[in-house]
Amino acid sequence: MRFELKRLRHVMFAALLTARLSSPAAAELPAAIFGESLSVSANNDLELLKEEETVSIASRYEQPISQAPSNVYVVTDEDIRQSGATDLPTVLRRIPGLEVMQMTGADFNVSARGDNQPFANKMLVMVDGRSIYLDVQGNVFWKSLPITLPEIKRIEVLKGPASAMYGFNAFDGVINIITKSPEEMKGTTLQFGGGEQGTISSAAVQAGTVGKFGYRLSIGRDQTQQWRDGDALAFRSHKFNVQTDYALSSTSKLQLSGGVVESNRYDGQVGEVTSNSIRPSFSYANAVYEHGAFLIRAWWSGYTDHATINPVPQLAGLLSVTDRNGVSTNPFSGNTYNVDVQHALNLGTTNRLLYGANYRHNSLSSPAIDQFSRENRLGLFLQDEWRATAAITIVAGLRYDLHTQINGTWSPRLAILYQPVEGHTFHLSGSAAYRPPTLFESHQDQRVTTTIPTGLPFPSSISSTVPVTGATGLAPEQTSSYEAGYQGWYWKHRLRIRADLFYNHISDLIGSRPLAGGASAFVNDPGSADIYGGEAGIEFLASRWLSGFANYAYEEIGQSFSGTVRRGAPRSKVSAGVRTEWENGLSGEVSYYYVGAATYPIAQSFSLLANIPTTGVTTPGDRVGSYNLLNLRAGYRFWQQKAAAGYMRDAEVAVSVFNALNDEHKEHPLGDLIGRRVMGWLTLRF
């Protein structure tokens, strides 16, 4: 009886509900509530999904990162903002297998997988696909990038040789800094950071769109004092950049950009026996036309410098470096002209073919080289991506490069990707790359004078001068690499796990060596190095307000190189970080880095001079100890409002601490002792 009464009540409730829904107005109410409920649920689910990045660095066109034929990591604009960093190398420390070495307040060296060194010259760095690697000298001025930090949308990092796609200099890998479009940065953005060590990081950006036309204008000023002398300036620069976009049609656009960076103080770069005082300036003009899968890019970049070549402090008063006329401060002027063309097409439903060409002309002028020098480069490349089965993709690429000073080179790449189930990808790859001698390595013409105190009244010292020259018969440096890896998603796409094993063989490295009679010249070292190891890491999204990462990198080096071309790197590195972002405007990040001890080669000049008692020289130890780097940032967004144009206006104050534990350490035996720095930040967008 109770069951029947209960059933009757249910029937009556259903009938009543049906009657109430017979009116159109009443029928809309539950439907609206139901739809709202679904929308809220979907939004909550989306907030708890970690999105897979889309990257273009591995194949020169956009693709999911799990389908990239190379090892790729991404640093987002949020990673940069939440880090509180004043420079990109500090942010790049979070990527496993990337080597970051700070020498001074201005000088950084960045490479990958055990192949770092002072004057690092084996990592290709680009901004929006345009190389900012200085071909004529073979380095990157990390503190003099042509853009401000708020303009960066993301940074794509490819570890491993990439000459098959990018030609020379993509030796250890490629870093592509991608900027925000005018639409993405619409409005005015002002950022100012200031703090200890006289550090200032400032930017002002104005961006907008008018119909099919978009623009972005930026200016910036940065400076910092020396780590070894807080009263002395290490770096100061001013920069200006402009970018314009015009949509010619729904499938084509034209982009024009240009800018200049002027650095009136740059403490570095630190070399084997020198610590330079330079004033580099850079300017560029860039034009890009895209129509569907067709792209053509043409750009020019200019480089000028006034460099005073000083010995490192340990050798002050004993060595001097001049040009052939005895002048220690030398002007440098370099120019690069470049044209890239590429096109992609689909061959059926399973093949995508990419092909293209590249021409580049470099020139260098300076009293520190034997003559005005120039070189031409021409590269042709082809890549085919074949979807062999639903689970297997094979990517094969080949590039042929011609160069004025060396024989033609072939750079192959082969990658096999296996995706047994959605969200899990295994890859196996092999590739090769080259770095040709720079114009400076081929044409250097300087003099080194050594002055030895005698300890006697007369003569009080004895001096001798020897030439230090380049060589025109140098072969390109070579590397071949093999890699196996995995990446997969877990916990409803909130957790990603990645792991990679690699083996690199390096040969023909270029270094300066003493010759008969005391002279020195650049030569190819007859030895080689085998570097192998692995990296593993996780990235997670625990809740809407908590995310983080952790990774570990290990590497071993076996080598027969001699002198200062010997490779050195920490065997183990650990990186980890946790980030919070609350609806009340509070945010924060804690990042921790452990870098193991490492041994780096020391120039023979130290030991030779140390054997002479009157010089007072002590050979520096070749080993730097392990260190712990704890970086903190806390921010508060105290204003947020949606603008009529659709973007969000906001204002945020923050404080960041670099090396919060004040673990004073050197990252190279000849580098500065690096300490703690506290910064305050104010960012406005309106």
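Model, not experiment: these values are computed from the prediction.
With R496 as the partner, the salt bridge (charged side-chain N to carboxylate O under 4.0 Å, His left out) test is satisfied by one option alone out of E539, E52, E51: E539. Each of S281, S237, S144 was evaluated against S263; a single residue qualifies, S144, per the side-chain hydrogen bond (donor to acceptor under 3.5 Å, both in side chains) test.
Judged as a salt bridge (Lys or Arg N to Asp or Glu O under 4.0 Å), and not counting sequence neighbours, the contacts of R81 are E78, E581, E652. For F549, the ring pair (Phe, Tyr, Trp, His ring centres under 6.0 Å) test picks out no residue, with sequence neighbours left out. With sequence neighbours excluded, the residues satisfying ring pair (Phe, Tyr, Trp, His ring centres under 6.0 Å) with W489 are H493. Scored by the ring pair (Phe, Tyr, Trp, His ring centres under 6.0 Å) test, Y490 finds H424 as partners (sequence neighbours excluded). Residues forming a side chain to side chain contact (heavy atoms under 4.5 Å, CB included) with Y61 (at least two apart in sequence, or on another chain): S59, Q63, R352, L354, Q383, E385. With sequence neighbours excluded, the residues forming a side chain to side chain contact (heavy atoms under 4.5 Å, CB included) with Y289 are L248, S252, L254, H291, F294, I296, listed by chain and number. For Y73, there are no ring pair (Phe, Tyr, Trp, His ring centres under 6.0 Å) partners at least two apart in sequence or on another chain. Taking the side chain to side chain contact (heavy atoms under 4.5 Å, CB included) definition, one finds that A391 meets it with T389, Y418, sequence neighbours left out. Residues satisfying the side chain to side chain contact (heavy atoms under 4.5 Å, CB included) test with F540, not counting sequence neighbours, are L495, I538, A542.
Separating the CD atom in Q67 from the OG1 atom in T393 is a distance of 6.5 Å, to the nearest 0.5 Å. Taking CG of L158 as the start and CG of D172 as the end, the distance is 11.0 Å to the nearest 0.5 Å. Atom CD1 of I80 is separated from atom CD1 of I155 by 4.0 Å, given to the nearest 0.5 angstrom. Atoms OG and CZ, on S543 and R494 in that order, are 9.0 Å from each other to the nearest 0.5 Å.
Sorted by first then second residue, the salt bridge (charged side-chain N to carboxylate O under 4.0 Å, His left out) pairs that include residues 674-686, not counting sequence neighbours, number zero. Among residues at least two apart or in separate chains, side chain to side chain donor-acceptor pair (under 3.5 Å) pairs with a member in residues 187-204 are T188-Q206, Q191-T683, T199-T224, S201-D222. Sorted by first and then second residue, the salt bridge (charged side-chain N to carboxylate O under 4.0 Å, His left out) pairs with a member in residues 184-195 read K153-E184, E183-K186; sequence neighbours excluded.
Side-chain contact between V55 and E62: absent, with no pair of heavy atoms (C-beta onward) separated by less than 4.5 Å.
With a 6.0 Å radius and a threshold of 12 heavy atoms from other residues, nucleotides or ligands, E422 has its CD atom at or below the threshold.
Salt bridge status for D79 with R154: absent, with no side-chain N to carboxylate O gap under 4.0 Å.
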| message | Between Q640 and R649, is the side chain to side chain donor-acceptor pair (under 3.5 Å) condition met? List the steps. | response | CA-CA 5 Å; Q640 192 170 47; R649 298 169 170 170; over 6 Å; no

